[in-house]
Amino acid sequence: MGFSASDEVLGTLIPVAVYWIYSGIFVILGDRLDKYRLHTKAEEQTKNVVSKWMVVKGVFLIKDETGVPKPNPPLYIIAVQFVIAMFVLDTWQYFMHRYMHINKFLYKHIHSKHHTLVVPFAFGALYNHPLEGLILDTAGGALAFLLSGMTPRVGVFFFSFATIKTVDDHCGVWLPINFLHFLFANNSAYHDVHHQLYGTKYNFSQPFFVTWDKILGTYMPYSLVKRKEGGFEARPIKH
């Protein structure tokens with residue numbers, strides 16, 4: 001008897017698997033990525049408020065919303081749906097994310113949990129308060145899914161891609177062969193700036209573009225500088 005699963009089940013399970021598999025690659029590579037790190041291992045140990053084991057427990061369960069099964073459209077329609085979904089998700093997350101920084105109550109009791117990771121690492125990408133996950137990820141994902149009109153099966157690919165992108169943005173390394181760094185200005189260095197104390201009021205955009213930051217004046221430019229001891233540092237450029 002063969003195994004079969006509905007698109008709805010796949011839409012929930014596959015992004016979870018993608019999250020742990022992709023972030024696990026960074027864990028396995030370990031020391032071999034030292035010369036590409038945006039922070040030293042010492043900084044990772046001293047600046048982060050939570051342990052890696054606490055982060056594992058905090059993000060072990062991840063969900064994405066899907067909808068009612070329907071026939072998959074042609075590829076060009078899927079491409080348009082991807083772009084729409086990316087724009088919708090970016091718009092939702094920018095304004096919700098920014099508001100969680102502006103509102104002192106929401107930051108203190110909800111969003112600050114994610115910022116206990118001053119030095120981000122791959123599997124800490126979705127380490128956040130459950131309510132933040134519901135508002136930013138689940139609600140934002142559902143809105144992107146519904147407004148783009150994509151099918152559940154297309155949603156599997158979109159949410160898997162969005163998951164990879166989110167993990168990559170928090171991976172804490174700058175790999176010269178990473179094509180995502182060249183396709184998107186919203187990358188690990190850009191998001192690392194946001195996680196630093198000087199950048200918490202900037203670079204709110206996630207996970208794809210930097211459009212809203214540039215339009216609304218919250219974009220903090222940076223330069224990528226090689227450290228003498230190895231690795232890189234994203235240094236803000238005063239403007």
Side-chain angles (χ1 to χ4, degrees), residues 15 19 22-23 38-39 64 81-103 106-107 110-115 117-122 124-129 131-145 147-148 158-175 178-224 232-239:
Y19 181 84
Y22 188 54
S23 61
L38 295 171
H39 294 270
D64 276 308
Q81 290 174 337
F82 256 64
V83 173
I84 293 173
M86 290 165 76
F87 175 76
V88 172
L89 186 59
D90 262 31
T91 300
W92 176 267
Q93 293 212 351
Y94 174 85
F95 287 101
M96 292 297 102
H97 183 198
R98 184 176 178 179
Y99 186 65
M100 284 187 177
H101 276 269
I102 294 173
N103 187 294
L106 291 179
Y107 184 82
I110 296 177
H111 189 53
S112 62
K113 180 176 181 178
H114 182 65
H115 277 273
L117 296 179
V118 179
V119 179
F121 47 81
L126 294 183
Y127 179 69
N128 53 30
H129 190 283
L131 187 57
E132 178 176 343
L134 179 65
I135 295 173
L136 263 67
D137 301 319
T138 305
L143 192 64
F145 176 83
L147 293 182
S148 66
F158 175 74
F159 289 122
S160 295
F161 177 59
T163 299
I164 288 174
K165 185 66 175 60
T166 300
V167 169
D168 197 76
D169 292 344
H170 290 80
C171 69
V173 298
W174 182 269
L175 292 171
N178 190 333
F179 76 96
L180 290 175
H181 291 167
F182 300 100
L183 288 178
F184 298 96
N186 194 326
N187 49 45
S188 59
Y190 162 89
H191 196 66
D192 181 76
V193 169
H194 175 71
H195 271 260
Q196 305 313 303
L197 295 178
Y198 56 74
T200 55
K201 294 182 180 180
Y202 300 91
N203 294 11
F204 297 111
S205 294
Q206 54 187 34
F208 300 110
F209 311 114
V210 299
T211 309
W212 286 113
D213 273 315
K214 289 195 171 182
I215 291 175
L216 297 177
T218 54
Y219 177 75
M220 178 178 281
Y222 61 89
S223 61
L224 206 60
F232 297 89
E233 179 184 350
R235 292 182 182 175
I237 299 173
K238 294 183 179 181
H239 66 296

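Just so it is clear, the values below take in all heavy atoms, side chains as well, and ignore hydrogens, waters and symmetry mates. Values in this document were obtained by computation on a predicted structure and should not be read as measured data. Heads up: numbering here begins at 1 and tracks the sequence.
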Distance check, rounded to the nearest 0.5 Å: Phe161 atom CZ versus Asp168 atom CG?
9.5 Å
Is there side-chain contact between Tyr107 and His115, with heavy atoms separated by less than 4.5 Å?
yes
Could you check Asp169 against Phe184 for side-chain contact (heavy atoms from CB on, under 4.5 Å), going step by step and ending with a plain yes or no?
CA-CA 10 Å; Asp169 292 344; Phe184 298 96; over 6 Å; no
Would you find a donor on one side and an acceptor on the other, under 3.5 Å apart, between the side chain of Tyr219 and the backbone of Ser205?
no
Intermediate values then yes/no, side-chain hydrogen bond (donor to acceptor under 3.5 Å, both in side chains), Tyr94 and Thr218
CA-CA 10 Å; Tyr94 174 85; Thr218 54; 2.8 Å; yes
Distance from Asn187 atom CG to Leu175 atom CG, nearest 0.5 Å?
11.5 Å
Within a strict 4.5 Å, meaning less than it, do heavy atoms of the Arg98 and Leu216 side chains meet?
yes
To the nearest 0.5 Å, what is the distance between NE2 on His129 and CG on Leu136?
13.0 Å
Is it true that the side chains of His114 and His97 contain a donor and an acceptor less than 3.5 Å apart?
no
Would Asp192 and Tyr222 count as having a side-chain donor-acceptor pair, cut-off 3.5 Å?
no
Just wondering, do Tyr127 and His170 contact through their side chains at under 4.5 Å, heavy atoms?
no
If you count heavy atoms of other groups shown closer than 6.0 angstrom to CZ of Phe95, is the number above 12?
yes
For His194 and Tyr202, which heavy atoms make the closest approach, and how far apart are they?
ND1-O, 2.7 Å
Can you give me the closest heavy-atom contact between Ala144 and Ala85, atom names plus distance?
CB-O, 3.5 Å
Report the residues that fulfil side-chain contact (heavy atoms from CB on, under 4.5 Å) with Glu233, sequence neighbours left out, ordered by chain and then residue number.
Arg227, Arg235
Nearest heavy-atom approach of Asp90 to Phe209 is OD2-N, 2.7 Å
Let me know which of Ile84, Val83, Thr91 forms a side-chain contact (heavy atoms from CB on, under 4.5 Å) with Phe87.
Thr91
Determine, stepwise, if the pair His101 / His111 fulfils side-chain contact (heavy atoms from CB on, under 4.5 Å).
CA-CA 7 Å; His101 276 269; His111 189 53; 3.0 Å; yes
If every non-hydrogen atom of Ile110 is compared with every non-hydrogen atom of Glu132, which pair is closest and at what distance?
CG2-CB, 3.7 Å
Could you tell me which residues satisfy side-chain contact (heavy atoms from CB on, under 4.5 Å) with Ile164, sequence neighbours excluded, listed by chain and number?
Val18, Tyr22, Leu180
So, Phe82 versus Phe208, ring centres under 6.0 angstrom or not?
no
Side chains of Phe232 and Val173: closer than 4.5 Å at any heavy-atom pair?
no
Measuring from Leu131:CG to Leu106:CG, what's the distance to the nearest 0.5 Å?
8.0 Å
Which atom names give the shortest non-hydrogen contact between Met96 and Ile135, and what distance separates them?
SD-CG2, 4.0 Å
Looking at Asp137, Thr166, Asn186, which one forms a side-chain contact (heavy atoms from CB on, under 4.5 Å) with Pro207?
Thr166
Can you give me the closest heavy-atom contact between Ser188 and His181, atom names plus distance?
OG-NE2, 3.3 Å
Any Phe159 side-chain heavy atom under 4.5 Å of Phe145 side chain:
yes
